[in-house]
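The analysis underlying the following values was restricted to heavy atoms, covering all of them including side chains, and did not include hydrogens, waters or symmetry mates.
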Amino acid sequence: MEVDVSVIDPKTLRNVCGLFVTGVTVITTEEQGKPTGTTVNSFTSVSLDPPLVLFCLHKDSRLTPALARSRRFGVNFLAGRQERLAWAFAGRDPDALASAVHHTTETGVPVLGEALAFLACRVVNEYDGGDHTIYLGEVAELGGSRHGAEPLVFFRGSMGVLEEQLLGIHPILDG
């Protein structure tokens with residue numbers, strides 16, 4: 001049975017998918033020695049062995065040419081108090097990283113200094129995802145420094161923090 005995808009309204013799809021709570025990340029890389037980044041909420045871990053993650057990036061993103069050249073990226077998990085920073089990176093300002101506290105990892109990836117955690121990765125594959133490219137990366141380096149801080153989350157088109165601390169008493173079992 002084939003489904004006619006032309007009847008799926010993009011705005012309605014966006015609204016429905018907006019009901020799925022996601023974390024907020026900033027993907028960083030460098031463009032000719034200059035650090036740059038963009039806000040992304042389409043991030044997930046893929047595999048622990050080997051350590052793989054993925055994110056999706058619009059094909060028209062200003063980060064696309066930089067990723068094509070550098071072939072490496074940082075995933076910065078933002079803290080609840082970093083909403084302003086997330087919106088700065090979501091805009092078209094290529095210099096947002098220049099005014100943010102950041103450092104370069106041992107593997108040469110720029111990462112945000114005040115994020116909850118970071119992953120420094122190298123691109124191992126790219127896949128077509130309609131108007132997006134799906135980037136698969138292998139984690140080469142990682143770190144975290146904001147233990148106890150609330151994460152920044154995205155829900156219904158808005159960013160904010162979780163209302164209640166999750167106790168973590170129910171483990172997620174890998175099936």
Query raised in the report: Quick one: which of Ile27, Thr29, Val139, Leu142 gives a side chain to side chain contact (heavy atoms under 4.5 Å, CB included) with Cys121?
Result: Val139
Report task. With side chain to side chain contact (heavy atoms under 4.5 Å, CB included) as the test, would you mind laying out the steps for Val124 and Arg122 before giving the verdict? Result -> CA-CA 6 Å; Val124 294; Arg122 67 176 184 83; 3.2 Å; yes
Requested in this report: Evaluate the criterion side chain to side chain contact (heavy atoms under 4.5 Å, CB included) for residue pair Leu85 and Leu112; output intermediate values, then yes/no.
Outcome: CA-CA 10 Å; Leu85 187 65; Leu112 297 171; 3.9 Å; yes
Report summary line: The salt bridge (charged side-chain N to carboxylate O under 4.0 Å, His left out) partners of Glu83 (sequence neighbours excluded) come to none
Query - Residues which pass side chain to side chain donor-acceptor pair (under 3.5 Å) with Thr107, listed by chain and number, not counting sequence neighbours - result: Thr105, Glu141
Query raised in the report: Linking Ile, Leu, Val, Met, Phe, Trp and Tyr by side-chain heavy atoms under 4.5 Å, what else ends up with Phe118?
Result: Val109, Val111
Atom pairs and distances, side-chain donor-acceptor, residues 127-135, under 3.5 Å, sequence neighbours left out:
| residue | atom | partner | partner atom | Å |
| --- | --- | --- | --- | --- |
| Tyr127 | OH | Asn125 | ND2 | 3.2 |
| Asp128 | OD1 | Lys59 | NZ | 2.2 |

Query raised in the report: Residues two or more places apart in sequence or in another chain: which of them pass side-chain contact (heavy atoms from CB on, under 4.5 Å) with Ser61?
Result: Thr38, Leu57, Leu63, Thr64
Query raised in the report: Does the side chain of Pro151 reach to within under 4.5 Å of the side chain of Leu116, using non-hydrogen atoms?
Result: yes
Query - Pairing residues for Thr28 by the side chain to side chain donor-acceptor pair (under 3.5 Å) criterion, not counting sequence neighbours - result: Asn76
Report summary line: Applied to residues 22-50, the ring pair (Phe, Tyr, Trp, His ring centres under 6.0 Å) test, sequence neighbours excluded, yields Phe43-Phe77
Query raised in the report: Taking the side chain from Ser42 and the backbone from Cys56, do they hold a donor-acceptor pair closer than 3.5 Å?
Result: yes
Query raised in the report: In the single-linkage hydrophobic clustering (I, L, V, M, F, W, Y; side-chain heavy atoms under 4.5 Å), do Val40 and Leu67 co-cluster?
Result: yes
Report task. Using side-chain contact (heavy atoms from CB on, under 4.5 Å) as the criterion, list what pairs up with Pro50, not counting sequence neighbours. Result -> Ser47, Leu52, Glu138
Requested in this report: Provide the closest heavy-atom pair for Ser45 versus Val53 in the form atom of the first, atom of the second, distance.
Outcome: CA-CG1, 4.0 Å
Query - Residues in side-chain contact (heavy atoms from CB on, under 4.5 Å) contact with Ala90, at least two apart in sequence or another chain - result: Thr39, Trp87
Query raised in the report: Between Leu152, Asn41, Val75, which is the residue that forms a side chain to side chain contact (heavy atoms under 4.5 Å, CB included) with Thr25?
Result: Val75
Query raised in the report: Less than 4.0 Å between a side-chain N and a carboxylate O, is that true for Glu114 and Arg81?
Result: yes
Query raised in the report: Going by heavy atoms in the side chains, are Val46 and Leu136 under 4.5 Å from each other?
Result: yes
Query - salt bridge (charged side-chain N to carboxylate O under 4.0 Å, His left out) contacts in which one or both residues fall within residues 68-77, not counting sequence neighbours - result: Glu30-Arg72, Glu31-Arg69, Arg71-Glu126
Requested in this report: Identify the heavy atoms of Phe89 and Arg62 that sit nearest to each other, and give their distance.
Outcome: O-NH2, 2.9 Å
